[in-house]
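Input: a single structure, listed below in C-alpha cells.
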Amino acid sequence: MCKFFRRWFKLKKISHNEDPMKKFLIVGLGNIGEKYQETRHNIGFKVLDHFASKEDVSFETQKLGDVAIYKLKGRTFIFLKPSTFMNLSGKAVQYWLTKEKVPLENLLVVTDDLNLPFGSIRLKTKGSDGGHNGLKDIQDKLNTTKYNRFRFGISDAFSKGRQVDYVLGEWTEDEYSKLPERLDKSLELIKSFVLSGVNNTMNTFNGK
C-alpha cells in the first residue's frame, strides 16, 4: 500500500493547474527490451537515461511508456520513453501531450539520424520523417510535420541493403568511448531548449 501512495504522490508532482507553457514533453525514441538497449536506434532512450542518471531522476512505468519528472527554474520536464515500440511511437506522444496539456511547441522528440555523422546533434522545428518509422508515426498521429526534433547522428556506415542491421546493431568500441561526451552535450541541449527556447538552442548547438 505504501508503494502505491508513493507512486501516486510522485505523479501528483505534475500539477494540472500549472501554466501549460512551462511544461515540456521530452520524448526519447527507442525499442523496449534488453536486446535493444545498446543499439544505435535506441539513442533516444539512452539520452533520456543519461539525463536521469546525471540529475538523479527516476522513471516509472505508466500508460504507454516510462515517465520521469524533472523541475528546473520553474519549468517542468516530462520525460517519456514510449513502450509501444518504435513504429507506434505516435500513440504515446499524442496521449501524453493531451493528458498533460503540453503545447505542441513544447514537444521535443529525440531520435537517431542516419544522415548525420556519428555524434552530430541537430535541432529542427519541422521536417519530413526521413524514412524513420518512429517519426512517421508521430507525424501521422499529430497530423503535422511541425514539431521539434533533436536528431543525434549515427552515420550511414553500412553497405547496401544492411540499413536495418546497422540501426539495430550495437555501437562500435570507438563510438561507445565517445558517447559520454556526446550525451553530456545532449543534456545541455535539452536544458537549453526548455530554458532558452528553440531558436537560441539551434544557434548554440547545431553542428556542435
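Residues: numbered from 1 along the sequence shown.
Under the 4.0 Å criterion applied to side-chain N and carboxylate O atoms, Arg40 and Glu175 are assigned as salt-bridge partners. Salt bridge status for Glu170 with Lys35: absent, with no side-chain N to carboxylate O gap under 4.0 Å.
Within 6.0 Å of NZ in Lys22 there are 12 or fewer heavy atoms belonging to other residues, nucleotides or ligands. Remark: Lys191 NZ is packed, more than 12 non-hydrogen atoms of other residues, nucleotides or ligands lying under 6.0 Å away. The number of heavy-atom neighbours closer than 6.0 Å to CD of Glu173, taken from other residues, nucleotides and ligands shown, is 12 or below.
Here OG1 of Thr204 is found 9.0 Å from CG of Leu189. Values are rounded to the nearest 0.5 Å. A distance of 8.5 Å separates CG of Leu142 from OG1 of Thr98, quoted to the nearest 0.5 Å. Here the CG-CZ distance, from Asp66 to Phe79, works out to 13.5 Å after rounding to the nearest 0.5 Å. Rounding to the nearest 0.5 angstrom, the gap separating the OH atom in Tyr36 from the CE atom in Met86 is 10.0 Å. The CZ atom of Phe85 lies 13.5 Å from the NZ atom of Lys91; values are rounded to the nearest 0.5 Å. Rounding to the nearest 0.5 Å places NZ of Lys101 at 14.0 Å from CG of Leu25.
Across Ser186 and Phe150, no two heavy atoms sit closer than the pair OG-CZ, 3.4 Å. In this structure, Leu64 and Ala92 approach most closely via the heavy-atom pair O-CB, 3.5 Å. When all heavy atoms are compared, the tightest approach of Tyr166 to Ile154 is OH-O, 2.6 Å. Between Phe158 and Arg162 the shortest heavy-atom distance is CD1-C, 4.0 Å. Between Ala52 and Phe59, the shortest heavy-atom contact is CB-CE1, 3.7 Å. Considering every non-hydrogen atom in both Asn31 and Leu168, the closest pair reads ND2-CD2, 4.2 Å.
Linking ILVMFWY residues whenever their side-chain heavy atoms come closer than 4.5 Å, directly or via other members, leaves Val93 and Leu88 in distinct clusters. Val47 and Ile32 fall within the same hydrophobic cluster, defined by Ile, Leu, Val, Met, Phe, Trp and Tyr side-chain heavy atoms under 4.5 Å apart, directly or through other members. Under the 4.5 Å side-chain heavy-atom criterion for ILVMFWY residues, a single connected hydrophobic cluster contains both Leu72 and Val198. Follow the hydrophobic side-chain contacts under 4.5 Å out from Ile69 and you never reach Ile190; the two are in separate clusters.
Tyr70 places no side-chain N or O within donor-acceptor distance of the main-chain N or O of Phe51, the cut-off being under 3.5 Å. No side-chain donor-acceptor contact under 3.5 Å links Gln62 to the backbone of Val67. Although no hydrogens or angles enter the test, the distance criterion places no donor-acceptor pair under 3.5 Å between the side chain of Ser192 and the main chain of Glu188. Formation of a donor-acceptor pair under 3.5 Å by the Ser83 side chain with backbone atoms of Gly65 is found in this model.
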Full working for side chain to side chain contact (heavy atoms under 4.5 Å, CB included) between Glu38 and Lys46: CA-CA 8 Å; Glu38 296 299 333; Lys46 199 166 191 68; 3.0 Å; yes
Test log, rule side chain to side chain contact (heavy atoms under 4.5 Å, CB included), inputs Ile26 and Leu48: CA-CA 8 Å; Ile26 315 298; Leu48 266 55; 4.2 Å; yes
Audit row: Leu179, Ile43, side chain to side chain contact (heavy atoms under 4.5 Å, CB included) steps and yes/no: CA-CA 10 Å; Leu179 271 177; Ile43 190 62; 4.2 Å; yes
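Evaluation of the salt bridge (Lys or Arg N to Asp or Glu O under 4.0 Å) test over residues 73-87, restricted to residues two or more places apart or in two chains, returns Asp49-Lys81.
Residues forming a salt bridge (charged side-chain N to carboxylate O under 4.0 Å, His left out) with Asp184 (at least two apart in sequence, or on another chain): Lys54. Contacts of Asp56 classified as side-chain hydrogen bond (donor to acceptor under 3.5 Å, both in side chains), with partners at least two apart in sequence or in another chain: none. A search for ring pair (Phe, Tyr, Trp, His ring centres under 6.0 Å) contacts involving Phe118 returns Trp171, not counting sequence neighbours.
At a threshold of 4.5 Å between non-hydrogen side-chain atoms, the residues Leu114 and Ser155 do not count as touching. Counting only heavy atoms from C-beta outward, the side chains of Ile138 and Leu29 approach each other to under 4.5 Å. Between Leu183 and Leu187, the closest side-chain pair of non-hydrogen atoms is not below 4.5 Å. Leu135 is not listed as a side-chain neighbour of Thr145, based on a closest heavy-atom distance of 4.5 Å or more. The side-chain heavy atoms of Phe152 and Arg182, taken from C-beta on, include a pair separated by under 4.5 Å. A heavy-atom distance below 4.5 Å is found between the side chains of Leu97 and Val102. In this structure, Phe77 and Lys71 have side chains that are not in contact, with every pair of non-hydrogen atoms separated by 4.5 Å or more.
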Output a table of donor-acceptor pairs, distance under 3.5 Å, between side-chain atoms of residues 103-113 and any protein atom two or more places apart or on a different chain; print 'none' if there are none.
residue	atom	partner	partner atom	Å
Asn106	ND2	Met21	O	3.1
Asn106	ND2	Lys23	O	2.9
Thr111	OG1	His132	NE2	2.9
Asp112	OD1	His41	ND1	3.2
Asp112	OD1	His132	NE2	2.9
Asp112	OD2	His41	ND1	2.9
Asp113	OD1	Asn115	N	2.7
Asp113	OD2	Arg151	NH1	3.1

Which pairs would a plain distance check flag for residues 119-128, meaning a side-chain donor or acceptor within less than 3.5 Å of a matching protein atom at least two apart in sequence or in another chain?
residue	atom	partner	partner atom	Å
Ser120	OG	Pro117	O	3.3
Ser128	OG	Gly130	N	3.3

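Between Phe193 and Phe24, the ring planes are perpendicular. Angles over 60° get that label, and only those under 30° would be called parallel.
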